[in-house]
Amino acid sequence: MSAGEVGTSIGRALEVLGNGGLVAIPTETVYGLAADASNDAAVRRVFSAKGRPADHPLIVHVAAAEQLPEWAATVPPAAALLADACWPGPLTLLVPKAAHVLRVVTGGRDTVGVRVPAHPITTELLTRFGGGLAAPSANRFGKVSPTTAQHVAADLGTAVDYILDGGACPVGVESTIVDCSVAPPQLLRPGAITAEQVSALLAGELAPAAGPSRAAGMMASHYAPRARVVLVESTAAGLAATADEPSAWLLDHSDDLVLYARHLYDDLRAADRRGVQTIVAVLPPPSGLGHAIRDRLMKAAARW
Ligand code: TXA
Ligand code: MG
């Protein structure tokens with residue numbers, strides 16, 4: 001797209017948002033289904049478009065870290081530190097919510113999730129919009145998140161008013177979520193900003209996700225494709241498992257975790273499109289970005 005075409009698309013997206021419509025937005029992680037976070041009726045439409053239960057809170061996306069205080073009742077020091085170090089980037093911070101934040105956005109909780117995405121088109125959109133955009137991933141509830149505009153169109157069809165096409169998402173898995181409303185802060189969802197990075201920034205003051213996660217909507221089969229997903233711990237085990245099953249796909253980029261994450265959801269969707277019965281996925285080692293890939297693969301495998 002030329003600069004002029006991008007400008008026209010953003011103009012159209014702003015018009016749709018201003019009228020209470022829904023716009024699919026590209027981010028560095030996955031596509032979001034965005035509505036004006038201050039428009040109750042618009043945010044409600046997000047839930048019906050996705051088929052998502054109404055008590056699942058949405059992340060508020062803003063243009064810059066300086067806007068965090070507009071959404072938070074107080075900004076805990078850990079949140080200020082992480083925002084400063086990691087935004088724009090694939091990190092969502094849960095903070096005590098400001099009084100004006102709509103109940104439909106937080107699912108009735110006393111916290112709100114805020115994030116500054118790192119994608120040039122969406123940064124320009126958010127800057128020109130000025131406010132916050134409430135956006136979950138732009139998939140139908142229970143499907144894997146979309147990482148291309150084509151995934152969004154295939155999932156949501158006419159339920160989305162406009163799709164801002166920003167190409168394929170470079171990270172490919174959803175943002176890391178850190179709850180900064182508790183002390184010590186707690187990691188609720190692993191992502192491309194790794195637990196090791198967050199822990200180092202907080203000088204070790206980070207609690208791992210423990211027990212039933214406090215982030216709603218993170219139940220077992222949230223990321224499931226139709227195919228059966230079988231998990232193995234090594235490439236050799238993967239090759240052995242697929243050797244005598246012609247309809248099985250081997251999913252393995254364990255030698256390059258950045259590529260593994262980037263292509264994960266597109267690979268899962270491709271397997272479904274081709275009617276693959278079984279996906280044998282090689283789990284990467286549990287460190288760094290490997291945590292996020294393991295988490296999503298385990299969710300994809302969980303209903304079996
Ligand atoms: O990378 C991402 O985070 C993408 C892009 C579009 O920004 N968004 C995304 O949104 O993955 P969603 O709605 O699919 O996942 C957000 C998760 C959900 O599990 C939701 O329940 C949780 O964050 N969450 C959001 N606000 C919360 C809150 N106040 N308390 C607890 N959990 C919250
Ligand atoms: Mg989602």
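Ligands are counted one by one from 1 in listed order, and the atoms in each one are counted from 1 as well. Note that the coordinates shown come from a computational prediction; the quantities given were computed from them, not determined experimentally.
Under the 4.0 Å criterion applied to side-chain N and carboxylate O atoms, Asp256 and Arg262 are not assigned as salt-bridge partners. Note on Glu174 versus Arg115: no salt bridge recorded, every NZ/NE/NH1/NH2 to OD/OE distance being 4.0 Å or above. A salt bridge links Asp161 to Arg45: one of the charged nitrogens lies within less than 4.0 Å of a carboxylate oxygen.
With rounding to the nearest 0.5 Å, the separation of CG in Leu259 from CG in Leu264 is 12.0 Å. The CD1 atom of Ile59 sits 5.0 Å away from the CD1 atom of Ile177 when rounded to the nearest 0.5 Å.
Residues meeting the salt bridge (Lys or Arg N to Asp or Glu O under 4.0 Å) test with Arg12, sequence neighbours left out: Glu15.
Taking only nitrogen or oxygen atoms, main chain and side chain alike, His56 does not reach within less than 3.5 Å of ligand 1. The shortest N or O to N or O distance between Arg52 and ligand 1 is under 3.5 Å. Ligand 1 has no N or O atom lying under 3.5 Å from any N or O atom of Glu174, backbone or side chain. Polar contact with ligand 1: absent for Tyr31 (N/O pair, distance under 3.5 Å).
Classified by interplanar angle (parallel below 30°, tilted 30° to 60°, perpendicular above 60°), the ring pair Tyr260/His253 is perpendicular.
With a cut-off of 2.8 Å, the Mg ion (ligand 2) has an N, O or S atom of Ser137 in range.
Set against the non-hydrogen atoms of Ile177, the atoms of ligand 1 under 4.0 Å away are 17 (C), 23 (O). Applying the 4.0 Å criterion to heavy atoms of His61 picks out, from ligand 1, the atoms 5 (C), 6 (C), 7 (O). In the vicinity of Gly32, heavy-atom distances shorter than 4.0 Å reach the ligand 1 atoms 6 (C). Distances below 4.0 Å separate heavy atoms of Pro136 from the following atoms of ligand 1: 10 (O), 12 (P), 13 (O).
At a 4.0 Å cut-off, not a single heavy atom of Thr106 sits close enough to ligand 1 to count as contact. Ligand 1 lies nowhere less than 4.0 angstrom from a heavy atom belonging to Lys97.
With a heavy-atom cut-off of 4.0 Å, Thr111 touches ligand 1 through backbone and side chain alike.
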Return a table of donor-acceptor pairs under 3.5 angstrom between the side chains of residues 69-80 and protein atoms on other chains or two or more places apart.
none

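In this structure, of Ser137, Ala138, Ser175, the residue bringing a heavy atom nearest to atom 9 (C) of ligand 1 is Ser137.
With hydrophobic clusters built from ILVMFWY side chains whose heavy atoms lie under 4.5 angstrom apart, Val258 shares a cluster with Ile293.
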